[in-house]
There are 2 protein chains.
Amino acid sequence: MCVVSLIPIRPGLEPERRDAARNRELLLRAARELIEECGADGLTMGTLAQRAGVGKGTVFRRFGSRAGLMMTLLSDAEAGFQGRFMFGPPPLGPGAPPLERLIAFGEERIAWVLEFGELARAADVSAYNRFDVPAAVLWHRHLEMLLREAGLTADPWLMATSLSAVLEPERILHAVRVHQIAPERLAASWRELVSRVVRGA
Amino acid sequence: MCVVSLIPIRPGLEPERRDAARNRELLLRAARELIEECGADGLTMGTLAQRAGVGKGTVFRRFGSRAGLMMTLLSDAEAGFQGRFMFGPPPLGPGAPPLERLIAFGEERIAWVLEFGELARAADVSAYNRFDVPAAVLWHRHLEMLLREAGLTADPWLMATSLSAVLEPERILHAVRVHQIAPERLAASWRELVSRVVRGA
DNA sequence: AATAGAAGCGGACCGCAGTCCGTTTTGATC
DNA sequence: GATCAAAACGGACTGCGGTCCGCTTCTATT
């Protein structure tokens, strides 16, 4: 089960120093606590450092940026989703016809956003190249592959880009939270969209 | 030619005080200069105030936020685009069949993003409800109407949301600038997408 | 012209993300 | 156990968007 990680895995033979490892654990634990208490948007890097009992520089050394921290916190959830659509049971995983996999992909993604969306938004915001983050690239490739398998010949790469846009956390959350759109209605619209996109070659 | 404005128009009989009007002109002129010199991302509210020779508070009183300033600067361009798709000549304006209008809408929007996109990105970023800004609502309604006219019965409102997502400035700019996608290729993909969406009732 | 109060002004101030650099900790080597 | 370079640390510092509030300027009224 080869899952793409959101943060650069330390390449093999260069172990982490003990204080670094300890501080990383402290920081992750503190971050989860703070998000529990104040929500993802309410977490600040300063209070995080304070809560974990480390300096602010340490936080940024570890995660690079606020978005980087959020991505690290998301990585478990991302990995789960990735595992399911790449190696899990059909119709999301391999084995089902491509259109059904596309439909299932959207449905699962919508459910995923509803569960982890706040974190995802916090991770996306102000990430200048949020489209080139490994997980986003992987989803894109997956969609492109499914489109090809479904027989779409007209620029599957760009069509995958468009479909990714439709599933962006920010828009989904906005539809659900502000416009009170039921998740099933989002899923139905997605089904309609991808069906039409791949219909007839 | 009734064009929706991006900033709340002062309702009728309450004229602007003369110093306020003068400062607004100073600020807009200074903002355009600074963007010319440093780019939209390089403009800071502090330097803008300094350049215009006013206090920082005045800038925020005038425009509310950085995003508000950018929207004000965009409003001419927005108004032009709005006028063209609502009242201009076909195929973008009324008179052409809905599918052709949809296609033209995307093509014009892509061209528009390539011209004013940096500003549009600066306006979008961190506008929590950027989807509810008057211009965005108008585009959305327009797309929805065209979809209905084209005979789409399956949730035109959400489908319009999805199509709006595809045309977001951030994604278009990313495709062109980072992935070197030619604008014509974007337009072709859009054409393919909307054709398939409305094909067959 | 005098006046009053509302509208506008300005810049000190706040909280935040992110940087910098002198100091401390760590673990491999002898 | 002593030594040392590399890695990690921490918190003062910067620059930003945005707020606040005492002061100034305008305009309507007389």
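What you see below is based on every heavy atom in this structure, not just the backbone, and it leaves out hydrogens, waters and symmetry mates.
Look at CZ on B:Phe63: it is 15 Å from C1' on C:dC9, rounded to the nearest Å. In this structure, A:Leu27 places its CG atom 14 Å from P of D:dA8, rounding to the nearest Å. Between the CG atom of B:Leu34 and the P atom of D:dC16 there is a distance of 12 Å, rounded to whole Å. Summarising the geometry, the separation between CZ on B:Arg24 and C1' on C:dA7 is reported as 15 Å, rounded to the nearest angstrom. The CZ-P distance, from B:Arg62 to D:dG17, rounds to 19 Å in whole Å. When the C1' atom of C:dC16 is taken as reference, atom CZ of B:Arg66 falls 16 Å away, rounded to whole Å. One can place CG of B:Leu48 at 14 Å from P of C:dG11, the figure rounded to the nearest angstrom. At whole-Å resolution of the value, CG in B:Leu26 and C1' in C:dG8 are 14 Å apart.
Comparing A:Gly55 and B:Leu43 against DNA chain D, the residue whose closest nucleotide sits nearer the 5' end is A:Gly55. In this structure, B:Phe60 and B:Asp19 both approach DNA chain D, and ranking their closest nucleotides by distance from the 5' end singles out B:Phe60. For A:Arg61 and A:Met45, each mapped to the nucleotide of DNA chain C holding its nearest heavy atom, the one lying further toward the 5' end belongs to A:Met45.
The base of D:dA8 has none of its N or O atoms less than 3.5 Å from a complementary donor or acceptor on the side chain of A:Arg17. The base of C:dA12 lies outside donor-acceptor range of the side chain of B:Lys56, with no N or O pair under 3.5 Å.
Between B:Leu69 and B:Phe60 the shortest side-chain heavy-atom distance does not fall below 4.5 Å. Residues B:Arg22 and B:Asp19 meet the side-chain proximity criterion, which asks for heavy atoms closer than 4.5 Å.
Salt-bridge annotation for A:Arg177 and A:Glu118: absent, with no side-chain N of the basic residue lying under 4.0 Å from a carboxylate O of the acidic one.
Judged by distance alone, the side chains of B:His174 and A:Asn129 never bring a donor and an acceptor atom under 3.5 Å apart. Judged by distance alone, the side chains of B:Thr47 and B:Thr44 do bring a donor and an acceptor atom under 3.5 Å apart.
OP1 or OP2 of C:dG8 has not a single side-chain nitrogen or oxygen of B:Arg22 nearer than 4.0 Å. Between B:Asn23 and the phosphate of C:dC9, there is a side-chain N or O to OP1/OP2 separation shorter than 4.0 Å. Under 4.0 angstrom from either OP1 or OP2 of D:dT27 there lies at least one side-chain N or O belonging to B:Arg18.
Taking every side-chain heavy atom of B:Thr58 into account, C:dC9 is the closest of C:dC9, D:dC16, D:dG18. Ranking C:dG10, C:dC9, C:dT26 by closeness to the B:Val54 side chain, first place goes to C:dG10.
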